[in-house]
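Presented below is the structure to which this report refers.
No hydrogens, no waters, no symmetry mates; every other heavy atom, side chains included, goes into these values. Labels below follow one simple rule: chain letters A, B, ... track the order of the sequence lines, proteins then strands, and each chain is numbered from 1.
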There are 2 protein chains.
Amino acid sequence: MSKKTTIYDIAKELNITAATVSRALNNNPKISAKTKELVFETAKKMHYEQNKLALALKSGKSFNVGVIVPRIDSNFFSSVIRGIEEELYPEGYHVIICQTHDQQELEIKNINSLLNAQVDGVLMSVSNANIEKLDGFKSLLKKNVPLIFFDRKKNIKNVSTITIDDYKGAYDATKHLIDQGCKRIAHLSNNRKLEIFKNRYLGYKQAIIDSGLTFDENLVVESFSKVLEGRKQTKLFLEMDNRPDAIFSSSDFTALGAIQEITSYGLRIPEDISVVGFSNEPFTKFMELSITSVDQSPREMGRIAAQIFLEEVNNDAKVKSEKHVVLSPELKIRKSSQKF
Amino acid sequence: MSKKTTIYDIAKELNITAATVSRALNNNPKISAKTKELVFETAKKMHYEQNKLALALKSGKSFNVGVIVPRIDSNFFSSVIRGIEEELYPEGYHVIICQTHDQQELEIKNINSLLNAQVDGVLMSVSNANIEKLDGFKSLLKKNVPLIFFDRKKNIKNVSTITIDDYKGAYDATKHLIDQGCKRIAHLSNNRKLEIFKNRYLGYKQAIIDSGLTFDENLVVESFSKVLEGRKQTKLFLEMDNRPDAIFSSSDFTALGAIQEITSYGLRIPEDISVVGFSNEPFTKFMELSITSVDQSPREMGRIAAQIFLEEVNNDAKVKSEKHVVLSPELKIRKSSQKF
DNA sequence: CTGTTAGCGCGTTCAT
DNA sequence: ATGAACGCGCTAACAG
């Protein structure tokens with residue numbers, strides 16, 4: 001292990017003090033141009049690199065931020081992460097990514113673990129499991145570590161959030177189905193204790209009511225965002241006496257499951273049953289039968305989350321204020337719902 | 001900022017020394033059971049949590065490892081990462097994920113950045129761009145930070161690797177197409193300066209030769225692993241006078257593009273043209289026309305990469321030895337190539 | 001069994 | 001303009 005060179009090494013080399021070296025490296029105006037140059041030169045020569053750990057210990061800043069998401073293998077979350085990176089990298093931050101796999105236990109573990117790693121902030125989308133309890137966040141808030149929710153949020157005072165207008169996204173999607181002539185629109189929902197799913201449900205419901213159609217609670221079911229779950233629930237819809245003529249899904253994955261099940265029944269899409277998903281995952285565009293879906297501009301969401309973090313961390317902010325950004329979703333109309 | 005409590009705080013509380021507290025917390029056998037209990041108790045009472053940064057500075061270990069991948073929004077890489085996490089989390093490590101987006105500049109930046117963060121090791125899959133130069137890795141190797149390549153490797157002495165047998169995967173896939181009666185099999189390759197693509201090419205070629213078919217270099221093209229690239233290259237194949245009756249693609253994404261293009265020409269799959277992809281991305285299974293593909297057991301790959309890292313980091317290893325693990329791929333036969 | 005001392009690498013007073 | 005000394009929080013070596 002070729003010992004890393006420290007400021008002491010280069011100080012010794014130059015017969016000066018480590019303090020002077022430190023100052024020179026940090027461009028302290030009180031250091032003569034000559035010594036500065038000398039220091040920079042020998043620093044390069046000796047392959048000096050600042051030990052961020054020592055700096056972190058000294059300054060209390062690690063320049064690491066934690067990002068907690070349910071999973072990274074969905075285009076939505078990985079795109080958000082990309083947005084976050086784009087914004088934070090140039091500022092010298094690193095991103096530590098944790099997955100909860102929707103398990104509350106892991107979520108809490110992750111938070112504590114990040115806290116121990118002395119992260120400067122946490123950006124997160126709460127897991128499906130962690131709904132009512134706020135315990136997990138107490139430790140964060142108590143230590144005054146900036147916390148920002150994106151997409152799946154909780155309402156906690158002094159905590160900023162960035163979301164999309166799920167209500168509008170769902171409303172527009174449902175309205176679109178109605179405009180295509182659909183009269184009995186089912187809804188594949190998800191855990192409605194999470195705001196995003198509650199709002200998608202409410203937008204869906206309101207669009208139906210506003211259009212003068214009858215709202216039928218039996219056409220709403222909750223399921224996890226998995227392809228097979230979508231199939232299972234859709235099967236139940238298809239076996240109803242009075243089966244729906246459209247399905248608005250709160251997830252692209254369940255929408256895909258719905259399509260598989262509908263097709264396996266020999267029914268046509270969109271003629272017999274139209275389908276709309278949510279998130280605009282890439283595969284929705286690539287299917288032979290492309291899927292109409294609601295785009296959430298995840299990259300933009302990530303960038304904004306990161307910007308909010310930077311504001312919070314830079315404002316020495318005695319007065320902390322919460323900020324709530326809401327992005328507007330965009331309906332991408334494709335074959336699975338376009339009858340004409 | 002409610003100051004974090006340190007071992008000094010709890011030492012003062014108990015009228016003992018910080019050192020004793022440290023020892024008690026670390027279960028040093030020389031500490032009396034009574035004081036241990038006392039320390040643990042007040043530690044909990046005062047919400048003490050170890051400052052990993054100080055520990056890292058002291059021990060020279062940050063308990064962070066860097067993982068560098070081209071991108072995280074492919075199931076293959078995100079699954080590898082999951083495997084890595086599963087193995088490393090229980091050992092107290094954190095994972096810092098970096099994406100190169102196949103840009104060499106970013107790759108080098110990431111390495112240096114991770115080095116500055118004092119990571120204990122780097123697990124990476126090299127970018128498509130960084131082919132010949134090894135410069136970027138010098139800094140890593142010089143500092144004696146464990147480096148492990150997975151999937152996309154380079155040959156550097158003392159560096160362990162974990163890959164799949166790409167040659168065999170490609171050979172089996174091509175052999176399968178031949179068994180289905182295909183005679184003119186094209187190959188959508190990728191940058192063959194990367195071993196994985198070179199080996200897939202070689203396996204494909206050998207299977208053709210071994211079967212007594214004629215190998216035609218014109219049926220091999222390189223392209224990036226993107227759907228649209230796949231379409232573009234396939235179009236060229238389709239407009240040949242003597243068009244191929246099968247396509248073996250080195251990527252599921254280009255395979256998908258191929259399918260789209262073939263379909264748009266009104267040709268049938270697999271009857272007119274069969275298609276096989278590589279990586280077993282989830283969508284290959286979910287398409288109405290499911291795609292035959294080669295599974296790379298990414299999660300297993302991640303776990304093994306992590307295990308190798310742990311071995312290296314735990315062996316105080318004067319004698320460093322490289323280890324090369326090769327996993328066996330598995331062909332998943334689906335509709336896109338199954339004629340009977 | 002426990003206290004004392006020192007050092008990990010850095011930035012920052014307080015002097016000079 | 002620079003040096004000396006200290007502290008961030010923790011552990012390890014050396015007492016006793």
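- A close approach under 4.0 Å does not occur between any side-chain nitrogen or oxygen of A:Tyr8 and OP1 or OP2 of C:dG11.
- Taking side-chain N and O atoms only, B:Thr35 has a distance below 4.0 Å to OP1 or OP2 of C:dT2.
- Counting any heavy atom pair closer than 4.0 Å across all strands shown, B:Ile7 reaches a base atom.
- Listed nucleotides: C:dC1, C:dT12, D:dG9. Nearest to the side chain of A:Arg23: C:dT12.
- Taking only side-chain nitrogens and oxygens, A:Ser32 never comes nearer than 4.0 Å to OP1 or OP2 of D:dA1.
- Using a 4.5 Å heavy-atom threshold, the side chains of B:Tyr93 and B:Asp120 count as touching.
- Nearest-nucleotide mapping onto DNA chain D: of A:Val21 and B:Asn26, the residue sitting toward the 5' end is A:Val21.
- One interatomic measurement links the two molecules: CG of A:Asn51 to P of C:dC10, which rounds to 6 Å at whole-angstrom precision.
- Contact annotation: A:Thr20 does not reach the phosphate of D:dT2 (side-chain N/O to OP1 or OP2, under 4.0 Å).
- Taking only side-chain nitrogens and oxygens, B:Gln50 comes nearer than 4.0 Å to OP1 or OP2 of D:dT11.
- Residues B:Ser125 and B:Phe77 are in side-chain contact: their nearest non-hydrogen atoms beyond the backbone lie under 4.5 Å apart.
- Rounded to whole Å, the distance from CZ on B:Phe63 to P on D:dT11 is 11 Å.
- If you check every strand for non-hydrogen atoms under 4.0 Å, B:Leu53 touches nothing.
- Regarding contacts with the backbone of D:dG3, a side-chain N or O of A:Thr17 is found under 4.0 angstrom from either OP1 or OP2.
- Between A:Lys58 atom NZ and C:dG7 atom P there is a gap of 18 Å when expressed in whole angstrom units.
- Counting to the nearest Å, the P atom of C:dC8 and the CG atom of A:Leu55 are 17 Å from each other.
- When the P atom of D:dA1 is taken as reference, atom CG of A:Leu14 falls 17 Å away, rounded to whole Å.
- Map B:Glu49 and A:Asn28 each onto its nearest nucleotide of DNA chain D; the residue landing nearer the 5' end is A:Asn28.
- Taking atom CD1 of residue B:Ile16 and atom C1' of nucleotide C:dT4, one finds them 15 Å apart after rounding to whole Å.
- Spacing between atom NZ of B:Lys52 and atom C1' of D:dG9 amounts to 13 Å, rounded to whole angstrom units.
- Using a 4.0 Å heavy-atom cutoff across all strands shown, A:Leu57 reaches at least one base atom of the nucleic acid.
- An angle of 50°, rounded to 10°, separates the two end axes of the helix from C:dC1-D:dG16 to C:dT16-D:dA1, each defined over five pairs.
- The side chain of B:Ala54 lies closest to D:dG9 when the candidates are D:dG9, C:dG9, C:dT12.
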